Each structure stands twice: as C-alpha cells, then as structure tokens.
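Working notes, structure below.
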Amino acid sequence: MDEQPRLMHSHTGVGMAGHPGLPQHMQEGTGGTDGDGRKQDIGDILQQIMTITDQSLDEAQARKHALNCHRMKPALFNVLCEIKEKTVLSIRGAQEEEPPDPQLMRLDNMLLAEGVSGPEKGGGSAAAAAAAAASGGVGADNSAEHSDYRAKLSQIRQIYHTELEKYEQACNEFTTHVMNLLREQSRTRPISPKEIERMVNIIHRKFSSIQMQLKQSTCEAVMILRSRFLDARRKRRNFNKQATEILNEYFYSHLSNPYPSEEAKEELAKKCAITVAQVSNWFGNKRIRYKKNIGKFQEEANMYAARTAVNAANASSHGSQANSPSTPNSAGETGSPWLCSRGRRVSLHDPLNVLVK
DNA sequence: CTAGATGATTGGAG
DNA sequence: CTCCAATCATCTAG
C-alpha cells in the first residue's frame with residue numbers, strides 16, 4: 001500500500017515532536033560547492049515537496065524516490081529536525097489524557113447489568129429472571145414470553161458483539177495502516193514514537209466514539225424490550241378457559257362469602273397456573289363487577305350453581321334434585337354480608353335493589 | 001372498527 | 001396489609 005501524499009502533508013501539519021531516533025549526521029552539503037548551487041538545490045527540493053501533492057500517485061512515488069536519493073536530503077532532514085525541536089515544546093501539553101467518559105461508563109454498566117456485554121449465557125437469563133420478578137412474580141404460564149424475551153435479548157447481544165468486533169477489527173486495520181504510513185514517512189520527515197502514539201490515540205478515540213453510538217443504540221433497544229416485557233398491562237392475556245372456570249366455580253360456590261383465604265388462593269393459583277396476586281386481582285374484579293350488575297351475572301351464577309350441585313349430587317350417589325338451584329338467586333340465598341356498600345347492607349333476595357346504587 | 005369483557009394498576013379507607 | 005372503586009390498556013367477538 002502506498003501512502004497518499006495528501007495524507008502525509010496533513011500529518012506534517014498535525015503532529016510535531018522531537019525525533020531522537022533519526023539519523024542526525026549531516027553531510028554538510030558536498031564540500032566545496034558554492035552557495036548559489038546549494039540554494040538552487042534546496043529551492044528545487046522544496047519546490048518538489050510543495051508540489052508533490054498535485055501529482056499523480058505514480059509520479060509522486062517516483063518523485064519521492066528521487067527526493068530520498070537527493071544529495072541534499074540529509075541536510076534538509078536535519079533542518080526539519082531542528083524546526084521540530086523548536087516547535088515541540090509549544091505543542092506538548094496541548095493534549096494528554098482525558099478522564100474516562102462518565103456517559104460511556106454508564107452505558108457499559110448498563111450493558112453489563114442487562115447481560116449484553118457480560119458473560120455469554122448466565123447474564124441474559126439472570127436479567128430476564130430479574131425482569132420477570134420485577135413484573136410481579138410470574139408463574140409458568142408466561143414462560144413463553146420469558147423465552148421470547150430471552151431470545152430477543154440474545155439477538156441484541158449477538159448483533160452487539162458482531163458490530164463491536166467489526167469496529168475493533170476496522171480500528172486495528174486502520175491503526176496498522178497509519179503506523180505503516182508513518183513509518184514510511186519517517187524516512188522523509190522526523191517522526192517521534194510519541195507522535196505515533198498520539199496518532200494511535202486519536203484513531204482510537206474516533207473509533208470508540210463510534211462504539212459509543214453502538215452501545216447507546218444497544219441500550220435503547222434493551223430498554224424498549226425490557227419495558228415491553230415489564231409492562232404487564234401492555235401484554236395482558238386472558239386466562240385460559242379452564243382457569244376461569246375454576247375461579248368462577250369457587251366464586252359462585254362461595255357466593256355468600258367470596259373471599260378465599262390465603263391457602264385457598266394458593267390452591268386456586270396452583271390449579272389455574274397463575275399467581276396468587278392474579279387470583280386476588282380476579283376475585284377483586286369479580287366481586288366488584290358482580291355486585292355492580294348482579295343481573296348480568298345471573299345466568300352465569302345459575303350455571304355454576306347447577307354444576308356444583310350436580311357434582312355434589314354425583315358425589316353423594318343419590319340423584320336427589322331437591323336442592324338443585326335452578327332458580328335465580330339460589331346461590332346467594334343466605335344473604336350476602338359482603339354486598340354492602342358504604343356500610344349499607346343489601347339483601348340479595350331482591351337483586352334489583354342492589355342495582356340502584 | 002367498535003363495544004364490551006377482562007386483567008392490572010392506582011389511590012383511598014380501614 | 002387487604003379490600004373497594006375507579007380507571008387504564010388490551011383482548012375479543014361481532
């Protein structure tokens with residue numbers, strides 16, 4: 001690969017530092033030549049250097065070679081070294097290290113916490129588990145979403161790592177390229193290791209700013225995924241039919257006091273494959289909605305009452321239909337102390353009374 | 001698309 | 001803490 005003259009030119013402007021390692025010997029011209037001839041030579045060389053960027057690559061290459069072999073080259077090189085020596089002080093201290101970017105650290109921490117940049121497998125599932133726990137103790141019933149979350153997260157992680165690797169590789173390639181370039185240039189101009197180091201730093205800074213963008217967008221993606229997963233309301237699923245039946249069965253067979261104990265709730269939760277909290281929610285909703293509109297639930301009440309009656313009848317072997325609750329209200333005939341609103345007791349015997357509210 | 005159903009959340013009362 | 005009541009946000013049958 002050949003260096004581009006243009007690039008070399010700009011580097012000459014950017015980086016300047018002392019150059020102890022380069023040959024300092026000076027041939028002091030060619031001995032006895034007159035001053036005019038030397039001036040002429042120097043003028044030629046400078047002219048060639050100034051115009052080298054305007055030439056084609058091949059031309060420039062040839063010209064460069066010619067310059068390298070020029071008898072005045074060592075002298076010119078020495079002059080450059082001197083100039084550099086003088087200017088280096090003013091440049092030093094202009095840069096030097098900057099503190100680690102707090103935002104970058106924040107992003108890194110977050111990616112680590114989310115299991116994106118951490119260890120391969122454990123991190124992801126840990127984060128998913130944490131998310132699941134935060135969403136309010138999830139049962140086995142949404143394990144599908146669980147794995148969905150995990151799959152998406154690992155997808156993000158994979159993209160992240162691929163991109164990161166790509167950037168790193170590009171960065172290394174570019175750094176090598178620039179190093180070669182500088183090494184090549186060091187034949188014609190003084191370049192110190194410090195200068196090279198600074199160049200490398202600049203490159204790394206540029207690339208790490210690109211990496212930061214990658215990290216930022218990865219964080220965003222994770223946040224979106226997470227919030228979707230965590231917001232249970234957003235992904236509300238109706239309970240399956242069987243679960244609803246079990247809950248309704250309990251509700252209507254305990255219509256006079258539809259407040260399952262903690263143990264009962266746990267039992268129901270287990271049977272329905274939902275959480276205790278969901279059972280509580282369900283009963284809370286059911287009670288209030290039943291109370292609000294008993295008429296609407298009458299049919300349902302009768303159905304479940306009949307079913308439990310049949311079950312009871314089957315269990316007791318005698319098919320006595322005497323107490324089959326085929327008429328409305330029969331389920332709540334004992335009166336319902338829970339159906340009292342604002343301290344006022346309401347009798348269930350006349351459901352319409354309740355509807356006044 | 002819409003109305004009603006339904007699970008979850010919130011704020012207040014006890 | 002539990003429960004109620006209102007409300008939100010989504011699901012679903014039509």
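Model, not experiment: these values are computed from the prediction.
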Test item: A:Glu267 side-chain N/O and A:Ala264 main-chain N/O as donor-acceptor pair under 3.5 Å
no
Ranking A:Glu262 and A:Arg289 by the position along DNA chain C of their nearest nucleotide, the one closer to 5' is A:Glu262
So, A:Asn180 and A:Arg183: side-chain donor and acceptor under 3.5 Å apart, yes or no?
yes
Strand contacts (DNA chain C) in residues 279-287 of chain A, 4.0 angstrom heavy-atom criterion:
A:Arg287
Ignoring backbone atoms, test whether A:Tyr290 places a side-chain nitrogen or oxygen under 4.0 Å from the OP1 or OP2 oxygen of B:dT6.
no
Separation of B:dG4 atom P from A:Glu300 atom CD, nearest Å, is 18 Å
For A:Arg236 and B:dG4, what is the distance between atoms CZ and C1' respectively, to the nearest whole Å?
11 Å
Could you check whether A:Tyr290 and A:Phe251 have their ring centres less than 6.0 Å apart?
yes
How many Å lie between CD1 on A:Ile288 and P on B:dA13, as a whole number?
16 Å
Can you measure A:Phe239 atom CZ to B:dG7 atom C1' for me and round it to whole angstrom units?
6 Å
Can you tell me if A:Arg237 touches the phosphate of B:dG7, counting only side-chain N or O atoms and a distance under 4.0 Å to OP1 or OP2?
no
Taking atom P of B:dT6 as reference, at what distance in whole Å does atom CG of A:Asn293 sit?
12 Å
May I have the distance from A:Lys292 (atom NZ) to C:dA5 (atom P), rounded to whole angstrom?
9 Å
Using the side-chain heavy atoms of A:Asn238, tell me which of these nucleotides is nearest: C:dT12, B:dA8, C:dA6.
C:dT12
So, A:His161 side chain and A:Arg157 main chain: donor-acceptor pair closer than 3.5 Å or not?
yes
Proximity of A:Tyr250 and A:Phe283 rings by center, below 6.0 Å:
yes
Backbone N or O of A:Tyr160 within a donor-acceptor pair of the A:Thr218 side chain at under 3.5 Å?
no
Please check this pair: side chain of A:Ser208 against backbone of A:Gln211, looking for a donor-acceptor N/O pair closer than 3.5 Å.
no
Please state how far atom OH in A:Tyr259 lies from atom C1' in C:dT2, giving the value in whole angstrom units.
10 Å
